[in-house]
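Written out below as structure tokens is the structure these notes cover.
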Amino acid sequence: MECMGDRATLLETGRFVQRHVKSAADDIIEAVVAGGEAVDTTAENETETEARHRRAAESGDAASMSVLGALLLRRGDLDGAEPYLRGATAEGDRAAANNLGVLLHQRGYAEEAAGWWRVAAVAGSAPAAHALGRHHRERGDEPAAEYWLRQSAEQGHALGAYALADLLEHRSDVGAERWLRAAAERGHREAAYRLALALERRAQEVTRGPSASGLSARDALAHDTAQADTVKGESGAAGAPSGELTEAEQWFRQAAARGHRRAALHLGAILEKRGELKEAGRWYLSSAKEGEAKAACALGFLLRDAGDEESAAVWWLRAAQDGDGNAANALGALHAARGEQQTAERWYRAAMDAGDVNGAYNLGLLCAAQDRVQHAEQWYRRAAYAGHREAANALAVLLLQAGDTDGAEPWFSKAAEAGSVDAAFNLGILYAGRDDDRTALSWYERAAAAGHTEAALQVGIAGLRDGDEQSAERHLRCAAGGGSAEAAFRLATVLDARRPDPGPPALGAPREEEKTECEEWYERAAQQGHRRAQVRVGMLAAARGDVAEAAHWYREAAEAGSRNGAFNLGLLLAREGSEREAALWWTRAARAGHGRAALRLALLAARRGELSEGRRWCATAVELGPAEVAERAARLSEALHQELTA
């Protein structure tokens with residue numbers, strides 16, 4: 001009979017023989033102590049011990065017959081064990097009755113085995129009661145199973161307590177946890193693991209609702225710019241009851257220390273999430289050495305993050321060869337990053353064959369990067385049909401780029417409903433292109449609520465357009481904080497508009513040195529290359545009298561193509577006496593459509609006596625405007641004409 005749970009020592013204290021060969025049946029084999037002396041079956045004296053008990057058994061000693069039968073049964077010598085066990089059983093030895101049941105069960109005589117287990121259980125054998133309970137459960141007789149398992153558990157039998165807990169948990173009985181705890185306290189590692197999971201799950205449900213789950217390993221990997229569904233192991237949500245989570249961790253630790261590889265994996269994930277990477281790595285290593293592929297994969301990620309890519313590849317290879325699709329994806333990404341496209345494709349296919357839908361998604365990304373659009377669409381579609389939300393979004397983008405808007409929309413919708421933030425944003429773009437601003441805004445708001453920077457910017461712009469400055473500011477702050485230069489600039493303009501006019505400075509008053517919040521946002525946008533922000537920062541610097549700072553930002557903007565930056569830089573240079581260089585920047589600004597720059601060039605030409613050149617720039621200024629510039633340019637042109645015809 002194969003016993004559920006760990007193969008822990010089930011023999012009563014002082015009444016055991018140590019195992020020679022470990023098997024599933026060992027957990028329900030009992031042995032007695034002959035004459036009150038513990039039996040030692042270590043390699044040094046096993047033969048001598050067996051010979052001594054054999055002599056005593058042949059003399060009719062029931063205790064020795066029981067011990068000898070147990071020894072032979074453990075060794076797998078059923079023919080040799082049976083007569084001794086039957087002889088001891090006939091003398092009323094309960095351990096022999098239990099072991100005879102084990103022997104008969106191994107021979108395939110389940111009903112006869114159950115009869116002897118009943119004899120032993122009635123006589124007080126906890127292992128026999130456990131075996132009998134399991135026998136009844138396998139036959140669907142749960143009331144009888146519960147009765148005997150409870151008898152075993154109440155005698156302090158670890159496997160009996162665990163099997164009872166498993167039965168009660170199957171029926172959703174709240175009493176299951178009590179017996180899991182009892183088994184765990186007696187050293188049952190599987191019980192400790194399941195108790196830890198139950199405690200963790202309950203703690204998480206308190207804060208996150210019933211959908212909270214336990215361990216969540218790094219289940220996905222996508223290379224390059226893809227947004228992968230990669231999650232690390234969790235020990236619970238912030239704010240969860242610390243007592244239960246702490247106790248859960250203690251039970252994970254106990255189970256892991258006893259060699260439970262899934263507990264070691266889970267403990268490693270908890271520690272990694274907490275930032276205790278060295279200890280996490282030790283538990284991942286322990287679990288991986290026991291054959292846990294997920295632990296080998298997680299250890300690979302830990303090593304990669306530490307910069308040891310070669311060692312990471314070794315563990316990923318081991319995990320991938322054991323059928324872990326996530327590790328195969330990781331190897332694919334590793335080779336793709338090295339430009340080894342064929343090897344990457346082979347590993348992505350291996351991930352897909354292992355049942356990891358990310359393999360198909362990553363194959364799509366790989367093909368798209370190589371401009372193999374048809375193949376990319378094929379793999380995206382395969383992953384999307386399997387429920388991969390980012391593949392659905394990528395497929396929709398591909399269809400949209402091909403002009404198939406009607407084909408793209410359902411995939412965007414499917415991805416967005418599945419939780420893809422990018423898909424929600426893309427739907428906003430899609431509806432905005434159809435001038436359906438209301439629907440577009442609803443999708444932008446959904447993406448913004450999930451932290452999408454560009455979506456938050458669009459909601460902020462909509463708020464400014466609709467006069468909802470409070471909502472606009474809130475979303476612009478989110479987008480600016482997420483790194484959007486445009487959002488930082490627009491937020492700065494909102495704050496700038498609220499600033500009171502400082503008026504002319506009082507005579508002798510100290511200059512304000514501390515920068516306002518709006519100036520800080522202008523500077524942040526400017527540092528990110530936002531040209532209008534660079535011009536604005538230059539203007540603020542010029543107002544403070546910081547010519548060098550102003551020139552720096554004007555030049556940055558001008559060299560990036562800003563005509564206002566070029567014009568302002570020209571003004572600054574002209575004031576500093578560099579009129580020739582100023583003319584170069586005004587020329588660049590005028591050619592980019594800046595009317596004031598054209599007027600400045602006209603005035604400069606007039607002062608130099610270059611009347612025809614001046615009239616040409618006047619004509620450009622009239623054409624470019626604005627109105628007051630055009631009016632001044634027209635008057636100057638007329639004056640130059642009179643000079644030329646005088």
Side-chain angles (χ1 to χ4, degrees), residues 211 219-231 329 348 352 356-466 468 471-472 475-476 478-479 482-484 486-487:
S211 63
D219 291 327
L221 178 85
H223 74 282
D224 295 333
T225 58
Q227 179 180 348
D229 300 325
T230 305
V231 200
N329 272 318
Y348 288 147
M352 189 175 59
D356 191 329
V357 68
N358 290 286
Y361 175 47
N362 288 333
L363 278 168
L365 292 170
L366 194 67
C367 292
Q370 298 171 348
D371 293 325
R372 295 158 56 193
V373 178
Q374 187 175 354
H375 288 94
E377 181 181 339
Q378 169 194 338
W379 293 117
Y380 285 150
R381 197 176 293 276
R382 179 165 177 172
Y385 275 122
H388 196 294
R389 66 189 186 193
E390 297 307 329
N393 178 61
L395 174 60
V397 170
L398 214 59
L399 294 170
L400 194 63
Q401 289 172 343
D404 186 1
T405 306
D406 293 337
E409 184 178 350
W411 286 112
F412 277 138
S413 297
K414 185 175 181 179
E417 293 298 338
S420 171
V421 181
D422 286 338
F425 176 67
N426 289 336
L427 274 172
I429 295 174
L430 195 67
Y431 282 104
R434 296 173 179 172
D435 295 326
D436 186 350
D437 292 339
R438 185 173 180 179
T439 306
L441 181 59
S442 70
W443 284 110
Y444 285 145
E445 287 174 337
R446 184 166 175 174
H452 196 287
T453 298
E454 291 303 314
L457 171 61
Q458 294 303 320
V459 176
I461 291 172
L464 292 176
R465 182 189 63 217
D466 299 337
D468 187 352
S471 172
H475 284 96
L476 289 173
C478 290
S484 170
E486 180 65 25

Here the gap from Glu454 atom CD to Asp422 atom CG, rounded to the nearest 0.5 Å, amounts to 11.0 Å

Residues passing the ring-ring contact (aromatic ring centres under 6.0 Å, His included) test with Phe412, sequence neighbours excluded, are none

Note: Lys414 and Tyr385 closest approach over all heavy atoms is NZ-CA, 4.5 Å

Minimal heavy-atom distance between Glu390 and Ser420, with the atoms involved, is OE2-OG, 3.2 Å

Exercise. Without hydrogens or angle criteria, can the side chains of Asn329 and Asn362 be said to hold a donor-acceptor pair below 3.5 Å?
Worked result: yes

Heavy-atom nearest pair, Ala479 first then Leu457, reads CB-N, 3.6 Å

**Message:** Determine whether a donor-acceptor pair (N or O, by modelled atom type, separation under 3.5 Å) exists between the side chain of Asp466 and the backbone of Asp468.
**Reply:** no

Does Asn393 form a side-chain contact (heavy atoms from CB on, under 4.5 Å) with Leu395? I'd like the steps, not just the answer. CA-CA 5 Å; Asn393 178 61; Leu395 174 60; over 6 Å; no

Nearest heavy-atom approach of Ala423 to Ala416 is CB-N, 3.6 Å

OG of Ser484 to CD of Gln458, rounded to nearest 0.5 Å, is 9.0 Å

Here the salt bridge (charged side-chain N to carboxylate O under 4.0 Å, His left out) pairs for residues 426-438, sequence neighbours left out, are Glu409-Arg434

For Ala472 and Gly463, the nearest pair of non-hydrogen atoms, with its separation, is CB-C, 3.8 Å

OG1 of Thr439 to OH of Tyr444, rounded to nearest 0.5 Å, is 11.5 Å

When rounded to the nearest 0.5 Å, the distance separating CG of Leu400 from CG of Leu430 is 6.0 Å

Value for CG (Leu476) from OG (Ser471), rounded to nearest 0.5 Å, stands at 9.0 Å

Donor-acceptor pairs under 3.5 angstrom involving side-chain atoms of residues 363-379: please list them, not counting sequence neighbours.
residue	atom	partner	partner atom	Å
Gln370	OE1	Arg372	NH1	2.5
Gln370	NE2	Gln341	OE1	3.4
Glu377	OE2	Arg381	NH2	2.7

Of all heavy-atom pairs linking Ala448 and Val459, the shortest is CB-CG2, 4.2 Å

ask   = Considering residues, nucleotides and ligands other than Arg446, do more than 12 of their heavy atoms fall under 6.0 Å from its CZ?
value = yes

**OP:** Apply the test side-chain contact (heavy atoms from CB on, under 4.5 Å) to residues Val421 and Phe425: give CA-CA distance (whole Å), side-chain angles for both, the deciding distance (0.1 Å), then the verdict.
**Re:** CA-CA 6 Å; Val421 181; Phe425 176 67; 5.8 Å; no

query: After noting the C-alpha distance and the side-chain angles of Leu441 and Glu445, does the key distance pass the side-chain contact (heavy atoms from CB on, under 4.5 Å) rule?
result: CA-CA 6 Å; Leu441 181 59; Glu445 287 174 337; 3.8 Å; yes

